[in-house]
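Note sheet for the following structure.
Please read these numbers as outputs of a predicted model, since none were measured by experiment.
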Amino acid sequence: IVPVYNLIVIASSLIIAGLIGYMLVKTKFGRIIRATADKREMGEALGINMTRVYIKVFTLGTILGTLGGALVIPAMAAVSEMGVELIVLAFAVVVIGGLGSMKGAFIGALIVGVLRSIAISTYPELEMLTIYIIVIAVLVIKPQGLFGGSKV
């Protein structure tokens, strides 16, 4: 049995991921973000105002973080230390998926979410340990993550 709120969060997450993916691939601003993330100097040489780009990206990140927090709060108790667990999970997602890969972040989040659910339902004491074991395995086998690549 899956609670209705969890389905709402899943649907919202898929919609947000789709919109961000579309923005990064299909819009001029998305292409500027991807280009300047790799080569800031080249963007500046082409006349891109990097200060404006940084402000817009920071604002977008703040909006997404706030939206993520708003989606999480009804499912968990709001305490001042709640960000620590989320940061650890986000770190695991990025390490598993690969830094800079949107597809990797999506797959990493799926892996972490499914493993957490299985661990909680079978043996709750090993919930975080299973995630750490997967992170260690990915780092040993493929240090750049499942979908990360070396950018030279």
Side-chain angles (χ1 to χ4, degrees), residues 2 4-117 127-128 130-152:
V2 179
V4 174
Y5 185 74
N6 289 1
L7 294 175
I8 292 170
V9 170
I10 291 169
S12 300
S13 301
L14 291 173
I15 291 168
I16 292 167
L19 290 172
I20 293 296
Y22 177 82
M23 188 263 311
L24 287 173
V25 173
K26 299 290 184 181
T27 66
K28 180 181 177 183
F29 182 62
R31 288 190 297 272
I32 289 172
I33 290 173
R34 289 185 296 132
T36 56
D38 289 337
K39 302 280 185 183
R40 175 192 169 142
E41 297 81 18
M42 184 61 75
E44 289 174 338
L46 291 172
I48 296 172
N49 184 348
M50 291 306 297
T51 303
R52 179 174 277 170
V53 171
Y54 285 152
I55 289 170
K56 287 181 180 180
V57 169
F58 180 81
T59 303
L60 180 63
T62 303
I63 291 168
L64 290 173
T66 303
L67 187 57
L71 288 171
V72 166
I73 289 296
M76 317 174 51
V79 294
S80 61
E81 296 87 21
M82 71 184 291
V84 174
E85 181 183 351
L86 296 175
I87 288 172
V88 170
L89 291 174
F91 177 73
V93 165
V94 170
V95 168
I96 292 170
L99 189 63
S101 169
M102 184 122 168
K103 182 167 67 170
F106 182 75
I107 299 299
L110 283 177
I111 291 170
V112 167
V114 169
L115 283 175
R116 262 188 96 196
S117 297
E127 171 198 350
M128 290 306 285
T130 56
I131 294 170
Y132 289 135
I133 289 172
I134 297 300
V135 168
I136 292 168
V138 167
L139 286 173
V140 167
I141 296 168
K142 196 169 179 191
Q144 68 269 22
L146 297 178
F147 293 95
S150 60
K151 296 179 181 178
V152 179

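Counting heavy-atom neighbours within 6.0 Å of K142 NZ, excluding the residue itself, gives a total above 12. Within 6.0 Å of the CZ atom in F91, the count of heavy atoms belonging to other residues, nucleotides or ligands does not exceed 12. Heavy atoms of other residues, nucleotides or ligands lying less than 6.0 angstrom from OH of Y22 number 12 at most.
Note: M23 CE to R34 CZ = 10.0 Å, rounded to the nearest 0.5 Å. Atom CD1 of I48 and atom CD1 of I32 lie 4.5 Å apart (nearest 0.5 Å). Taken from OG1 in T66 to CG in L71, the straight-line distance is 11.0 Å, to the nearest 0.5 Å. Rounding to the nearest 0.5 Å gives a distance of 9.0 Å between OG of S101 and CG of L146. Between atom CD1 of residue I96 and atom CG of residue L115 there is a gap of 7.0 Å, rounded to the nearest 0.5 Å. If you take CG on L64 and OG1 on T59, they are separated by 11.0 Å, rounding to the nearest 0.5 Å.
Contact detail for G104 and F147: the closest heavy-atom pair is CA-CD1, 3.5 Å. Shown here for V88 and Y132, the closest heavy-atom pair between the two residues is CG1-OH, 3.2 Å. Across all their heavy atoms, Y5 and A70 have their closest contact at OH-O, 3.9 Å. For the pair I131 and A92, the tightest heavy-atom approach, listed with the atom from each and the gap, is CG2-CB, 3.6 Å.
Considering only heavy atoms from C-beta on, M128 comes within 4.5 Å of L89 through its side chain. Residues V112 and I134 have side chains not in contact (no heavy-atom distance under 4.5 Å, counting atoms from C-beta outward).
Checked against salt bridge (Lys or Arg N to Asp or Glu O under 4.0 Å), R31 has no partners two or more places apart in sequence or in another chain.
Sorted by first and then second residue, the side-chain hydrogen bond (donor to acceptor under 3.5 Å, both in side chains) pairs involving residues 48-58 (not counting sequence neighbours) are R40-Y54.
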